[in-house]
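Below is one structure; the comments refer to it alone.
On a predicted model such as this, the values are computed, not experimentally measured, just so you know.
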Amino acid sequence: MAQNNIVWHSHALDRAQREKANGHPALVIWFTGLSGSGKSTLAGALEQALFAQGIKTYLLDGDNVRHGLCSDLGFSDTDRQENIRRVGEVAKLMVDAGLVVLTAFISPHQTERQKIRELMGEGRFIEVYVDTPLEVCEARDPKGLYKKARAGELHHFTGIDAAYEAPEQPEVYLDGSQPIESSIEKLLFALKNDAILPT
């Protein structure tokens, strides 16, 4: 097997050295919630706030990743699992590079999110649950996806004919119907408490 010929190559520079140079820990801030819940908007606003404070960041967004890295995947449960697995591996590389990685993915299954948590290691995964009622997400429907799902034009759509498993104990819980400013304030407060940001 080709796998037998692959050996992990250790680098001279490690994550701890990069974190020291950056002046902050490296980790993943994982936004999860229904389509239209506000994940991408909040993740983008948080990245701007962190960047303004000198934090080295990168934002991985669900739609952007499906344009390239995961363009070969559909929306079956198997493909969704592979989508999240790939994102997790990319995020892990970015964390190794010393970055604070923000992700905005529906990531509907608890098992997949748990796998990413374990992949990152202790204290390197902050789950942010953006809890927005389905009716609010449908009213927003920025991409017209709920309308297509209700019309039967889109199958395996989370919240309609595919289940979403809400996090049981996220590090940060956000009410997706609240103003963005108050949500960002809550996120920054949580990051300071976890010693990720300077107080």
Side-chain angles (χ1 to χ4, degrees), residues 27-47 57-92 94-95 100-120 124-178 180 183-184 186-187:
L27 73 156
V28 171
I29 303 173
W30 190 279
F31 288 80
T32 179
L34 294 172
S35 177
S37 62
K39 299 180 304 299
S40 294
T41 301
L42 287 166
L46 179 61
E47 185 184 34
T57 66
Y58 194 82
L59 172 57
L60 292 169
D61 182 78
D63 281 354
N64 291 356
V65 167
R66 281 187 175 271
H67 274 284
L69 179 68
C70 298
S71 61
D72 59 322
L73 300 177
F75 292 91
S76 66
D77 279 351
T78 300
D79 281 0
R80 284 175 181 270
Q81 291 165 12
E82 175 60 14
N83 181 60
I84 296 304
R85 187 196 70 79
R86 291 182 194 181
V87 169
E89 292 293 344
V90 170
K92 184 182 179 184
M94 290 184 162
V95 167
V100 170
V101 184
L102 301 93
T103 75
F105 292 83
I106 295 172
S107 48
H109 302 121
Q110 177 63 35
T111 52
E112 270 66 61
R113 297 194 302 268
Q114 182 61 30
K115 286 177 184 176
I116 304 302
R117 181 183 292 276
E118 292 168 2
L119 181 68
M120 296 304 157
R124 302 281 176 182
F125 183 90
I126 295 178
E127 188 174 44
V128 179
Y129 175 32
V130 184
D131 185 9
T132 307
L134 177 61
E135 57 270 21
V136 174
C137 295
E138 282 202 72
R140 291 174 179 172
D141 204 10
K143 306 170 193 172
L145 299 179
Y146 284 101
K147 185 178 180 181
K148 289 181 180 179
R150 291 293 189 189
E153 300 170 13
L154 195 59
H155 303 288
H156 307 294
F157 189 74
T158 304
I160 304 300
D161 60 350
Y164 176 78
E165 299 169 4
E168 295 178 359
Q169 292 183 311
E171 278 74 14
V172 182
Y173 172 89
L174 297 178
D175 180 343
S177 60
Q178 293 298 305
I180 292 175
S183 293
I184 296 303
K186 184 174 182 179
L187 282 163

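In this structure, the side chains of Phe31 and Leu187 come closer than 4.5 Å at one or more pairs of heavy atoms. Residues Val28 and Arg117 have side chains not in contact (no heavy-atom distance under 4.5 Å, counting atoms from C-beta outward).
Summarising the local packing, CD of Glu135 is surrounded by more than 12 heavy atoms from other residues, nucleotides or ligands at distances under 6.0 Å. Annotation: Lys186, atom NZ; neighbour count of heavy atoms from other residues, nucleotides and ligands within 6.0 Å is above 12. In Phe157, the CZ atom is crowded: over 12 heavy atoms of neighbouring residues, nucleotides or ligands sit closer than 6.0 Å.
Closest approach of Tyr164 to Pro108, counting heavy atoms only: CD1-CA, 3.5 Å. For Ser183 against Asp175, the heavy-atom pair with the smallest separation is OG-O, 4.3 Å. Listed here is the closest heavy atom pair of Met94 and Tyr58: CE-CD2, 3.6 Å. Residues Ala45 and Ile184 share a closest heavy-atom pair of CB-CD1, 3.7 Å. Nearest approach of Phe75 to His156, heavy atoms of both residues: O-CB, 3.6 Å. Looking at every heavy atom in both residues, Ser37 comes nearest to Thr132 through O-OG1, 2.9 Å.
To the nearest 0.5 Å, atoms CZ (Arg85) and CG (Leu119) are separated by 10.0 Å. With values rounded to the nearest 0.5 angstrom, His155 atom NE2 is found 7.5 Å from Asp161 atom CG. Remark: Gln114 CD to Thr111 OG1 distance equals 9.0 Å, nearest 0.5 Å. Atom CG of Leu134 is separated from atom CG of Leu34 by 6.0 Å, given to the nearest 0.5 angstrom.
Lys39 places a side-chain N or O within 3.5 Å of a backbone atom of Gly33 that can act as its donor or acceptor partner. The closest donor-acceptor contact from the side chain of Thr32 to the backbone of Ile106 lies under 3.5 Å. Between the side chain of Asp141 and the backbone N or O of Leu145, at least one donor-acceptor pair lies under 3.5 Å. No side-chain donor-acceptor contact under 3.5 Å links Glu165 to the backbone of His109.
Looking only at atom types and distance, the side chain of Thr57 has a donor-acceptor partner in the side chain of Glu47 under 3.5 Å away.
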> So Ile29 and Thr103, side-chain contact (heavy atoms from CB on, under 4.5 Å) or not? Walk me through it.
Replying inline: CA-CA 6 Å; Ile29 303 173; Thr103 75; over 6 Å; no
> So Trp30 and Val87, side-chain contact (heavy atoms from CB on, under 4.5 Å) or not? Walk me through it.
Replying inline: CA-CA 11 Å; Trp30 190 279; Val87 169; 3.9 Å; yes
> So Lys115 and Ile84, side-chain contact (heavy atoms from CB on, under 4.5 Å) or not? Walk me through it.
Replying inline: CA-CA 9 Å; Lys115 286 177 184 176; Ile84 296 304; over 6 Å; no
> Please walk me through it: do Leu27 and Met120 pass side-chain contact (heavy atoms from CB on, under 4.5 Å)?
Replying inline: CA-CA 8 Å; Leu27 73 156; Met120 296 304 157; over 6 Å; no
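Ring geometry, Tyr129 versus Tyr173: the interplanar angle exceeds 60°, so the pair is classed perpendicular (tilted spans 30 to 60°).
Comment: Glu112 does not engage Arg80 in a salt bridge, judged by the lack of any side-chain N to carboxylate O separation of less than 4.0 angstrom.
Annotation: side chain to side chain contact (heavy atoms under 4.5 Å, CB included) contacts of Leu73 (sequence neighbours excluded): Arg66, Cys70, Asp79, Glu82, Asn83, Arg86.
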